[in-house]
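The analysis underlying the following values was restricted to heavy atoms, covering all of them including side chains, and did not include hydrogens, waters or symmetry mates. This one's a predicted model, so the numbers in the text were calculated from it and none came from an experiment.
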Amino acid sequence: MPLNPSFPDAAPLGARYPLLARIDDPADLRALPREQLQALAHELRAYVLDSVSKTGGHLSSNLGTVELTVALHAVFDTPRDRIVWDVGHQTYPHKILTGRRDRMHTLRQLGGLSGFPQRAESEYDTFGTAHSSTSISAALGMAMAARQKGEDRHAIAVIGDGAMSAGMAFEALNNAGVLDGRLLVVLNDNDMSISPPVGALNRYLAQLMSGRFYAAAKNVGKSVLKAAPPLFELAKRFEQHAKGMVVPATLFEQFGFNYVGPIDGHDLDSLIPTLENLKQLPGPQFLHVVTKKGQGYKLAEADPVAYHGPGKFDPLVGLVKPAVAGKPTFTQVFGQWLCDMAEQDLRLVGITPAMREGSGLVEFEQRFPGRYYDVGIAEQHAVTFAAGMACEGLKPVVAIYSTFLQRGYDQLIHDVALQNLPVVFALDRAGLVGADGATHAGAYDIPFLRCIPNMAIACPADERECRQLLSTAYAQDHPVAVRYPRGAGAGVAPLSHLEPLPYGRAEVRREGASGIAILAFGTLLYPALQAAEALDATVVNMRWAKPLDTALLLDIAQRHPSLVTIEEGAVMGGAGSAVAEALNAARLPRALLQLGLPDVFIEHGDPAKLLAAAGLDAAGIEAAVRARFPAQP
């Protein structure tokens, strides 16, 4: 049945969504007759589309999990039974069914609902997720805790096929197979064609293999045939080959799971009986469901990437490209630089852990397919893979979000920095990221990178410097990270050539007479310049958090009794701390005010409002400086 997203806003909820209006929690869903659940799913899908079109957010993935969400809450006694959603960007249907329907208009806004599961938000969000591949580990921990406490409840991990590419998921599977907890792993296969077509035969076989009779017969057969080892091995091989005709390889059974599927993840008549059967079986269970991203909304089905995380749009029209292109984002500046540098240097290779679009590598893949490597959601592997390439004389550029580099920290130290390999890390989403919130904020890269020997950190102030500092980083013979924020900057047009800036050198952007000097790292240079006009302060564009331009820093310190550092990153251990350490080493005591992100997790909201709340806009900088330093003589 096609969606009708053109509901008038004035219409009462019950008139637009008669079934959904009755669902205030999953218990209400479980009270519905089974035959009404498909109609409920249709209303739920329409509500997701209607809601996301008004707020922006993740769409394709959520449209694809509607029936699965309905089925899980229909079969399991949530929240007593725990559901852990991997990544969590497919949980809007879950939020709507668990008492948050009427708050969906606040999604990803300051003070509103998070776009990801969040324990503080609801008892139904049993585990906070936004990075991938953590669900099986968390759900296994919950299952074993239930067993240890003598509680009869289930733990369900819902993981996508992309998240299964991470090693952590397989570490958890390996452990789960020997612990025998009440764990169900649901593989939501919505991208890769790893399954044969699903249909009536597969539905029948899935229900058969998830049933008690099949499980009991298999166990009896094992006990009988074990007395005759050759027959047991023959029967085992026959079962594997029989399953192999309708399911993928028995990899998951080798981990100790009972594998069932693949089944149609949009067919409630298949999903619900299969889940009910699996609920009755002991030990770890693995259900493979096949879903379609964007299901039910033709535009999202045709282009699930474009509709992965759209802004506000008219569902009847779809996404519309702006008539006039705005200033380029930092991501676009990086993508163009990568292509230009690749034309000049055949040694360059581009590596990304499943973030082709987000990191700006689409054009690079098209133009240089033989030098493009998407390693899947496997950040640890991406870093060491780059190290191996660098050992052989190539020049790897790893395009990765700041928050995701955290997942490859040991590899960064042990495999790259310790061997002093020339790998460039292009750190997108440095600083606050707005609607994605604390899980995606790049607040910690300066502190965790600058303590590593051989590592350098560049902080471009605008788009032009971003391109130039990428060239500087590429020219070095040791690891360098270039950090830049999400979206556009001051709008300083990049130069067409690839001329680098001097390595480790800062520049004075304004001379003041107040005795105050502001040392700016990154894009906060521009609000610092605004504040400096009112303060008559000197402003230095530091450009590098490591190495510091110590010569210029000490010259500025000798001429200014009051210093201010400013950065869009954690204050603790950040660039301001580096300045304090340098002044202390030079035995040059100065009054120092360090401005940056406070020691709290900053949640989702409009980036400008979040920066202002942290005192990192021009007005906040001026106020903080005046409060710390009275008027200079």
Across all chains, not counting sequence neighbours, the side chain to side chain contact (heavy atoms under 4.5 Å, CB included) partners of S132 are D86, V87, A163, I377, R407
Judged by atom type as modelled, is there a donor-acceptor pair below 3.5 Å linking the side chain of H94 to the main-chain atoms of G88? no
Practice task
In sequence, state the C-alpha distance, the side-chain angles, and the governing distance for R483 and D445, and then conclude on salt bridge (charged side-chain N to carboxylate O under 4.0 Å, His left out).
Solution key: CA-CA 8 Å; R483 70 184 307 264; D445 50 77; 2.4 Å; yes
For T403, the side chain to side chain donor-acceptor pair (under 3.5 Å) test, sequence neighbours excluded, returns H131
In short, A172 meets I136 closest at the heavy-atom pair CB-CG2, 3.5 Å
(request) State whether R464 and D462 are salt-bridged, where the test is any N-O pair (Lys NZ or Arg NE/NH1/NH2 against Asp/Glu carboxylate O) under 4.0 Å. (result) no
F368 meets the ring pair (Phe, Tyr, Trp, His ring centres under 6.0 Å) criterion, sequence neighbours left out, with F364
Those residues at least two apart in sequence (or on a different chain) that pass salt bridge (Lys or Arg N to Asp or Glu O under 4.0 Å) with E357 are none
Taken in chain and number order and not counting sequence neighbours, the residues that satisfy ring pair (Phe, Tyr, Trp, His ring centres under 6.0 Å) with Y92 are none
Ring pair (Phe, Tyr, Trp, His ring centres under 6.0 Å) filter on F601, not counting sequence neighbours, yields none
The salt bridge (Lys or Arg N to Asp or Glu O under 4.0 Å) partners of D617 (sequence neighbours excluded) come to none
Which side-chain N or O atoms in residues 607-616 pair as donor and acceptor under 3.5 Å with protein atoms at least two apart or in another chain?
none

For R429, the salt bridge (Lys or Arg N to Asp or Glu O under 4.0 Å) test, sequence neighbours excluded, returns none
Residues pairing under salt bridge (charged side-chain N to carboxylate O under 4.0 Å, His left out) where one sits in residues 129-144, two or more places apart or in two chains, turn out to be none
One should read off an interatomic distance between I566 CD1 and I518 CD1, to the nearest 0.5 angstrom, of 7.0 Å
Check your understanding: Going by atom types alone, do D436 and H604 pair a side-chain donor with an acceptor below 3.5 Å?
Key -> no
Heavy atoms of K293 and N190 approach each other most closely as CE-OD1, 3.5 Å
Residues passing the ring pair (Phe, Tyr, Trp, His ring centres under 6.0 Å) test with H560, sequence neighbours excluded, are none
Those residues at least two apart in sequence (or on a different chain) that pass salt bridge (Lys or Arg N to Asp or Glu O under 4.0 Å) with R82 are none
For R467 and E465: C-alpha separation, side-chain torsions, deciding distance, then whether salt bridge (charged side-chain N to carboxylate O under 4.0 Å, His left out) applies. CA-CA 5 Å; R467 181 176 170 93; E465 278 196 359; over 6 Å; no
